[in-house]
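Okay, so here's the structure we're looking at.
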Amino acid sequence: MHKSVLTLAIAAILALTAPAVAQQPSGAPASEAAPAAPQSLPSAPAGPSAAPAEGASTRLTINVPKELSPWSMFMSADVVVKGVMIGLAFASLITWTIFIAKLIELSIVQRKVRSALKKISDARSLAEAQFALGSKEGALPSLLAACMREARLSAGISSDAGIKERAASSCAEIVRAEARRVRLGMGLLATIGATSPFVGLFGTVWGIMNSFIGISKAQTTNLAIVAPGIAEALLATAIGLVAAIPAVIIYNHFARVTKGYLELVNRASGAAARLLSRDLDRTHVSGGAMPRAAAE
């Protein structure tokens, strides 16, 4: 009986301890797996950190100039924008070339006409005026020669009014030819001054269009990406204004100077007409024949 009781006690003890022993193996891996969770935490930021790295590599592939100097902007500009800039620079060079050439030309011809008018101020006839001027060339010698030629061709004609009218017509042709000569190049200045801003604006529109195309390809609105293209486009407008403003100012200046020179030429034409009139009046006083000096 004692043995049976002892056997039942041992069986009860084994029955009570069996669940604890069964739970211990399943709990041990759990305790070992618990530290594994913190080990997986550092891998969580790996996704966001990879995105900036990828974006940084994308931004590095975009060509952004290190400096925005005029030369660097010109070199990195589009082919069309470069052509516009070169054309405007050439137009500016033409403007300043015309300025220097016309400045020298008008100063020389004005000095010649003023000096010739002083020399013939005391002349009493066309022959004396031509002798005072000598073999010099210019507007006034041409006017005197035209009057002398008309007087020679009209020898024997008693109508002084007809001679004066024909001489005035010849002098007017010389004045118009002189006006065309001194205004040579003025039309080119006017064209450059009127069209250069619009040519520069064309380059600006083309450059901004390319900038927006680059923005769409880069898929970013970062100012560092947009600024170089817009700066290159605006440089075309700036060069257009640099070419246009001096052209307009120089054109207006030479328009005033040319007007003053043509007034001197008209004074020279009037002086030649007065000398011809004196010669005609002396012809009637001397007996109705043209003086030999004037006729020759």
Side-chain angles (χ1 to χ4, degrees), residues 91-154 160-196 243-280 294:
S92 180
L93 179 63
I94 292 175
T95 298
W96 290 107
T97 302
I98 293 175
F99 171 73
I100 296 173
K102 298 299 291 184
L103 188 66
I104 296 173
E105 178 188 4
L106 288 173
S107 62
I108 291 174
V109 294
Q110 281 182 331
R111 186 171 62 250
K112 284 183 177 181
V113 173
R114 288 194 182 98
S115 176
L117 287 173
K118 288 181 181 179
K119 289 180 180 180
I120 68 168
S121 60
D122 296 331
R124 300 177 64 251
S125 64
L126 291 172
E128 288 183 7
Q130 284 189 326
F131 180 78
L133 294 178
S135 59
K136 293 182 179 180
E137 297 181 355
L140 185 54
S142 299
L143 293 168
L144 294 176
C147 291
M148 290 285 291
R149 183 172 59 254
E150 185 59 36
R152 183 178 66 254
L153 294 175
S154 301
D160 294 343
I163 297 175
K164 293 178 182 179
E165 182 179 356
R166 289 187 292 273
S169 176
S170 299
C171 291
E173 291 179 358
I174 294 173
V175 171
R176 287 193 296 269
E178 191 69 15
R180 288 192 299 269
R181 188 180 67 83
V182 297
R183 285 173 179 165
L184 186 65
M186 300 283 289
L188 189 57
L189 286 177
T191 302
I192 293 173
T195 60
S196 292
I245 293 174
V248 173
I249 294 174
I250 293 171
Y251 175 82
N252 292 332
H253 170 70
F254 283 134
R256 293 190 297 269
V257 175
T258 302
K259 183 179 179 181
Y261 171 69
L262 292 179
E263 290 178 355
L264 286 175
V265 175
N266 286 323
R267 284 177 53 190
S269 177
R274 288 190 295 271
L275 291 173
L276 176 62
S277 179
R278 291 193 189 106
D279 286 344
L280 293 175

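Counting begins at 1 with the first residue of the sequence. Everything numeric in this text was worked out from a predicted model, so none of it was measured.
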Exercise. Roughly how far, to the nearest 0.5 Å, is CH2 of Trp96 from CG of Leu103?
Worked result: 11.0 Å
Seminar exercise, completed: Minimal heavy-atom distance between Leu143 and Ser269, with the atoms involved, is CD1-N, 3.3 Å
For this session: Compare every heavy atom of Val248 with every heavy atom of Gly193, then report the nearest pair and how far apart it is.
Result: CA-CG2, 3.8 Å
For this session: Test side chain to side chain contact (heavy atoms under 4.5 Å, CB included) on Val113 and Leu140 and set out the steps.
Result: CA-CA 7 Å; Val113 173; Leu140 185 54; 5.7 Å; no
Problem set entry | Nearest-0.5 Å distance, CG of residue Leu189 to CZ of residue Arg183 | 13.5 Å
For this session: Say whether, by atom type as modelled, one donor and one acceptor occur between the side chain of Ser115 and the main chain of Arg111 under 3.5 angstrom.
Result: no
For this session: Starting at CG of Leu184, measure out to NZ of Lys102 and round the result to the nearest 0.5 Å.
Result: 6.0 Å
Exercise. Pro141 and Leu133: which non-hydrogen atoms are nearest, and at how many Å?
Worked result: CG-CD1, 4.0 Å
Problem set entry | Heavy-atom closest pair, residues Ala247 and Thr95 | CA-CG2, 3.7 Å
Problem set entry | Short side-chain to backbone donor-acceptor contact, Thr97 and Leu93, under 3.5 Å | yes
For this session: Applying side-chain hydrogen bond (donor to acceptor under 3.5 Å, both in side chains), name anything that partners Gln130, two or more places apart in sequence or on another chain.
Result: none
For this session: Calculate, to the nearest 0.5 Å, the distance between atoms NE2 and OG1 belonging to His253 and Thr258 respectively.
Result: 9.0 Å
Exercise. At their closest point, which heavy atom of Ile192 faces which heavy atom of Ala243, and how far apart are they?
Worked result: CG2-O, 3.8 Å
Exercise. Is Phe254 atom CZ crowded by more than 12 heavy atoms from other residues, nucleotides or ligands, each under 6.0 Å away?
Worked result: yes
Exercise. Under 4.5 Å between any side-chain heavy atoms of Ile250 and Ile98, yes or no?
Worked result: no
What pairs of donor and acceptor atoms, side-chain ones from residues 117-127 against any protein atom, are under 3.5 angstrom apart with sequence neighbours left out?
from	atom 1	to	atom 2	distance (Å)
Ser121	OG	Lys118	O	2.8
Ser125	OG	Glu128	N	3.3

Name every donor-acceptor pair, under 3.5 Å, that has one atom in a side chain of residues 164-181 and the other anywhere in the protein, sequence neighbours excluded.
from	atom 1	to	atom 2	distance (Å)
Lys164	NZ	Ser277	OG	3.3
Arg166	NE	Glu150	OE2	2.7
Arg166	NH2	Ser154	OG	3.3
Ser170	OG	Arg166	O	3.2
Glu178	OE2	Arg181	NH2	2.5
Glu178	OE2	Tyr261	OH	2.5
Arg181	NH1	Glu105	OE2	3.1

